[in-house]
Amino acid sequence: MTNPNTESPETPSQDARTPNFLRDIIVEDLRTKKFGDAVVQTRFPPEPNGYLHIGHAKAICLDFGLADEFGGTTNLRFDDTNPEKEEQEYVDSIQADVRWLGFDWERLCYASDYFPQLYAWAIKLIEAGKAYVDDLTADEIRQHRGTLTEPGKNSPFRDRSVEENLDLFKRMKQGEFPDGTRVLRAKIDMASPNVNLRDPVMYRILHATHHRTGDEWCIYPMYDYAHGQSDSIERVTHSMCTLEFTDHQPLYRWFIENLGIFPSQQIEFDRLNITYTLLSKRKLLQLVQEHHVHGWDDPRMPTLSAFRRRGFTPEAIRTFVSATGVSRTNGSTDIEMLEYFQRDDLNRRASRAMAVLNPLRLVIDNYPAGQTEFVEVANNPEDPSAGTRQVPFSGEIYIEHDDFREVPPPKYYRLSPGKEVRLRNAYFITAQSVVKDAAGNIVEVHCTYDPASRGGNSPDGRKVKSTMHWVSAVHAISAEIRIYDKLFTKPDPNDHPEGGSVLDNLNPNSLEILTTAKLEPSLANAKPENRFQFERVGYFCLDPDSTPNNLVFNRTLPIKDSWAKIEKKVGA
RNA sequence: UGGGCGAUCGUCUAAUGGUAGGACAGUGCCCUUUGGAGGCACUUGUCUAGGUUCGAAUCCUAGUCGCCCAGCCA
């Protein structure tokens, strides 16, 4: 998982974990032997109704990380209690993404494995007079539930006999009734200030085909009736979930206590929010279905499969999640923080290459016509063990259009007429003249070079202000470059006017495709998901859409550009 | 206007009654064969009002603000 080229072990300071309240709870529970001699058992319980996103990465790191830290284990459990929204495709992608992030589960579980047990427990609750079949319609149930400020009313079916409830519930299971005609409810308290306790629905009738159990069942347990018991069956000690479930905790405990089963405990923490990033599975599904993006793994998406395709690394995502911490406040982390940890990781590990995205032809007039030579270039200046490679150089090269200005603005260090600069690892050159097309656009720059400066240094100790990347024109290969920008224009994508939607905040320029790029020839050997730093430009990785004749590179992130900042200031 | 949860630099997060610290972002300088990386320095914070205490970010009271809950979704 770690780069084999990295010999130095992680520094001790990186091992020093930031304290957090979840760890405190576990330490205390272990100290007081709250679960006897049981080890820490956690679970990561996604519903297979979409792809995992970076918000899930936080839950995964917490569930797996904390258990591992205390010598416990973690199950991957699919919370598959709603066949109408769930699919095998999602089950598969979730497993792949958890593994990619760097975690492996002790047991692979499904809430659907527990349907028979859950059913048996429902019978038990009915027999104890704690559950009843209700014939009210969904609308009527809502009306009886009352409001946030007013208590609810009992259903007229609330006091059915145990025998009648048993009979009706069994017939629900046997498929005698159509969808929506009856539900099984827990008999708790219709006047509770916590609306979750106003006789919550335990089972609904759903004649739907489940991705695992097929047509075996036509009644399905609700989340509240399935989750705590599933935890209990797996003897989960610490069931971590996000804050919005806090109000469900009394119900979670009610089922466990009334069933007298293993007392798993729910602990809530805050969700991850990131600026300019949408982290709602439902809304991400909408982006996919309505083709605002090209799929769940479109590199502009916040899904783990999109981050993978874009060139992000699991290491950086884990570091980010850990740096971001966990608490019970609702905030939003600046996306710059994620980008920082990704650049930091890639800077240390990514091979360098030279690529010119927006080429300008440069002719070296005093270079021997037709000559080619090879210059030696470090594969990664941050990592000498990465070695070197030979890069072809000749008298006609491409440089970045932005690297030449006929009239240089203040503080501009790059090439301009009469100015000397360094071509990285090659020679000093001095611009002499420009060639323009009929419209007055610069199409070619003519230079002279100093043969004594081979390798990039002049024997006389002459200094230059700038070093530029380049690609030899005859040796260059072409590629399609996909430049990604933020998918949304607002720090909070949900910040839209009344009646609007996140779609109003979609960035129309989130994808730009460049077809003119010229790359050094070694890049022809790149494999999908290989990651590079194109020097002075950014981090890139080969997209799976690539073919040998049509290379496609995704820009993971641009390199930090301090010139852009200076230019802005000088221009202002 | 019921119930629950929360509030510390611009952002995220530590400090568990005893020096308000770190990271990101920002600013300046140094260094640099990537205007990358790196180094150094700097700036900015305990929601408000009371109270308890030798001492309060931390405990108490009241207020203010924010988030969540009225699916046969999870």
Side-chain angles (χ1 to χ4, degrees), chain A residues 18-21 24 45-47 49 79 81-82 84-86 134 136-138 141-143 145-152 179-185 192-198 200-206 219-220 222-224 226-227 241-250 268 270 272-275 281-282 320 323-341 343-344 347-348 352 354 377-378 381-382 411-414 422-426 455-457 464-469 491 533-538 559-567:
Chain A
T18 309
N20 70 56
F21 78 99
D24 293 347
E47 183 188 15
N49 66 344
D79 223 336
T81 56
N82 184 359
E84 292 181 326
K85 289 186 174 174
E86 297 154 9
D134 197 344
L136 254 27
T137 65
I141 286 181
R142 188 179 338 112
Q143 283 157 15
R145 187 152 30 225
T147 69
L148 294 177
T149 52
E150 298 160 323
D179 289 3
T181 51
R182 284 176 230 265
V183 292
L184 183 71
R185 293 229 253 169
S192 172
N194 181 345
V195 291
N196 293 111
L197 261 19
R198 320 242 261 229
V201 172
M202 295 163 60
Y203 274 94
R204 74 282 216 190
I205 300 172
L206 237 40
I219 56 170
Y220 289 91
M222 297 287 290
Y223 165 85
D224 284 309
H227 202 94
C241 64
T242 45
L243 248 22
E244 67 269 26
F245 292 100
T246 306
D247 289 342
H248 294 244
Q249 195 183 133
E268 311 87 10
D270 59 350
L272 177 65
N273 288 303
I274 303 175
T275 56
K281 255 201 251 180
R282 202 188 88 241
F320 164 73
T324 233
V326 59
S327 67
R328 288 174 69 90
T329 62
N330 0 63
S332 191
T333 300
D334 285 338
I335 194 164
E336 286 79 10
M337 199 157 161
L338 205 211
E339 294 175 347
Y340 167 81
F341 287 108
R343 286 195 182 97
D344 186 53
N347 177 53
R348 275 179 280 129
R352 308 297 138 118
M354 289 197 286
V377 176
E382 299 290 315
K411 302 264 193 188
Y412 187 82
Y413 297 158
R414 284 114 96 145
R422 174 190 294 113
L423 292 176
R424 180 122 162 104
N425 296 297
N457 274 315
V464 289
K465 283 285 238 184
S466 180
T467 300
M468 295 166 19
H469 60 106
Q533 184 198 96
F534 291 175
E535 290 199 73
R536 301 209 307 136
V537 178
I559 209 158
K560 249 189 160 179
D561 185 359
S562 38
W563 163 241
K565 231 176 258 177
I566 297 166
E567 191 178 28

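- Checked against B:A23, B:G38, B:G35, the side chain of A:Asp344 finds its nearest nucleotide in B:G38.
- Distances were taken from every side-chain heavy atom of A:Asn196 (C-beta onward) to each of B:C69, B:G26, B:A70; the shortest belongs to B:C69.
- Note that the CZ atom of A:Arg536 and the CE atom of A:Met468 stand 6.5 Å from one another [nearest 0.5 Å].
- Annotation: salt bridge (Lys or Arg N to Asp or Glu O under 4.0 Å) contacts of A:Arg198 (sequence neighbours excluded): none.
- Checking B:A14, B:C24, B:G2 against the side-chain heavy atoms of A:Glu336 singles out B:C24 as nearest.
- Within the 4.5 Å cutoff, the side chain of A:Thr333 has no heavy atoms near those of the A:Leu338 side chain.
- In this structure, the CD atom of A:Glu268 is 13 Å from the C1' atom of B:C69, given to the nearest Å.
- The residues A:Glu535 and A:Arg424 are annotated as salt-bridged, a charged nitrogen and a carboxylate oxygen being separated by less than 4.0 angstrom.
- Atom C1' of B:C68 sits at a distance of 27 Å from the matching atom of B:C9, rounded to the whole Å.
- The separation of B:U58 from B:A14, taken at their C1' atoms, amounts to 13 Å, rounded to a whole angstrom.
- Counting distance only, with no hydrogens placed and no angle test, the side-chain atoms of A:Glu244 and the base atoms of B:G4 include no donor-acceptor pair under 3.5 Å.
- Here OG1 of A:Thr81 is found 5.5 Å from CZ of A:Arg204. Values are rounded to the nearest 0.5 Å.
- A:Ser562 has a side-chain polar atom (N or O) that falls below the 4.0 Å cut-off from OP1 or OP2 of B:G36.
- Each of B:G36, B:A70, B:A74 was ranked by its minimum atom distance to the side chain of A:Thr147; first place goes to B:A70.
- Residue A:Thr329 places at least one side-chain N or O under 4.0 Å from the OP1 or OP2 atom of B:U13.
- Residue A:Glu150 contributes atom CD, which lies 19 Å from atom P of B:C69 at whole-angstrom precision.
- Under 4.0 angstrom from either OP1 or OP2 of B:C24 there lies at least one side-chain N or O belonging to A:Tyr340.
- Heavy atoms only, all atoms of each residue included: A:Leu243 and A:Arg328 are closest at CD2-O, 3.6 Å.
- Side-chain N/O atoms of A:Lys281 include none lying less than 4.0 angstrom from OP1 or OP2 on B:C73.
- Between A:Arg343 and B:A37, a side-chain N or O to OP1/OP2 separation shorter than 4.0 Å is absent.
- OP1 or OP2 of B:C72 has at least one side-chain nitrogen or oxygen of A:Arg145 nearer than 4.0 Å.
- As a whole-Å value, the separation of A:Arg536 CZ from B:U32 C1' is 14 Å.
- A:Asp270 contributes no side-chain N or O that forms a donor-acceptor pair with the base of B:G6 under 3.5 Å.
- For the pair A:Phe320/A:Tyr340, no side-chain contact is recorded, criterion being any heavy-atom separation below 4.5 Å from C-beta on.
- Looking at heavy-atom distances under 4.0 Å, A:Thr137 makes contact with a base.
- Relative orientation of the A:Phe245 and A:His248 rings is perpendicular, given thresholds of 30° and 60° on the angle between their planes.
- In the set B:U27, B:A37, B:C67, the nucleotide with an atom closest to the side chain of A:Asn330 is B:C67.
- Rounded to whole Å, the distance from NE2 on A:His248 to C1' on B:G4 is 11 Å.
- When the side-chain nitrogen and oxygen atoms of A:Arg414 are compared with OP1 and OP2 of B:G35, none of them lie within a distance under 4.0 Å.
- Within the 4.0 Å cut-off from OP1 or OP2 of B:U13, at least one side-chain nitrogen or oxygen of A:Ser327 is found.
- Between A:His227 and A:Pro45 there is a side-chain heavy-atom pair separated by less than 4.5 Å.
- Comparing the same atom, P, in B:G50 and in B:G10 gives a spacing of 23 Å after rounding to whole Å.
- When the P atom is used for both B:U52 and B:A57, the distance is 16 Å, rounded to whole Å.
- Place A:Asn425 and A:Glu47 on RNA chain B by their nearest nucleotides, and A:Asn425 ends up nearer the 5' end.
- Within the structure, a side-chain polar atom (N or O) of A:Arg328 is placed less than 4.0 Å from OP1 or OP2 of B:G6.
- Comparing B:U48 with B:U8, their P atoms are spaced 11 Å from each other, to the whole Å.
- Here the nucleotide nearest the side chain of A:Asn20, chosen from B:A37, B:A14, B:A74, is B:A14.
- For B:G71, the base is syn relative to its sugar; the glycosidic angle is within 90° of 0.
- A:Met468 has its CE atom 17 Å from the C1' atom of B:U32, to the nearest Å.
- The side chain of A:Asp561 sits closest to B:G35 out of B:U1, B:G35, B:U16.
- Rounding to whole angstrom units, OH of residue A:Tyr413 and C1' of B:C31 are separated by 13 Å.
- Between A:Asp344 and A:Arg348, at least one side-chain N (NZ, or NE/NH1/NH2) sits under 4.0 Å from a carboxylate O, which counts as a salt bridge.
- Put simply, CD on A:Glu382 is 9 Å from C1' on B:G36, counting in whole angstrom units.
- Distance from the side chain of A:Asn82 is smallest for B:C73 among the nucleotides B:U16, B:C72, B:C73.
- Expressed to the nearest 0.5 Å, how far CD of A:Glu336 lies from OG1 of A:Thr275 amounts to 5.5 Å.
- Of the P atoms belonging to B:U13 and B:C65, the separation is 22 Å, rounded to the nearest Å.
- When the nearest nucleotides of RNA chain B are assigned to A:Pro193 and A:Asp134 by heavy-atom distance, the more 5′-ward of the two goes with A:Pro193.
- Across A:Thr324, A:Thr329, A:Asn330, a single residue satisfies side-chain hydrogen bond (donor to acceptor under 3.5 Å, both in side chains) together with A:Ser327, and that is A:Thr329.
- Panel note: side chain A:Thr242, backbone A:Glu244; no donor-acceptor pair is recorded below 3.5 Å.
- Closest to the side chain of A:Asp247, out of B:C68, B:A23, B:A14, is B:C68.
- With a 3.5 Å limit on both pairing distances and Watson-Crick or G-U wobble geometry required, the stems of 3 or more pairs in RNA chain B span B:2-7 with B:64-69, B:10-13 with B:21-24, B:26-30 with B:38-42, B:47-51 with B:59-63.
- Comparing the P positions of B:A20 and B:C47 gives an interatomic distance of 16 Å, to the nearest angstrom.
- Counting distance only, with no hydrogens placed and no angle test, the side-chain atoms of A:Gln533 and the base atoms of B:U34 include a donor-acceptor pair under 3.5 Å.
- Of the inter-residue distances, the one linking A:Asn49 atom CG with A:Asn82 atom CG reads 8.0 Å to the nearest 0.5 angstrom.
- Between B:U43 and B:G4, the distance separating the two C1' atoms is 39 Å to the nearest Å.
- Rounded to whole angstrom, the span from the NZ atom of A:Lys411 across to the P atom of B:G28 amounts to 9 Å.
- Nearest nucleotide to the side chain of A:Met337, out of B:A23, B:C72, B:U34: B:A23.
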Give me the distances for all protein-to-nucleotides 39-48 of chain B N/O pairs that come in under 3.5 Å?
none

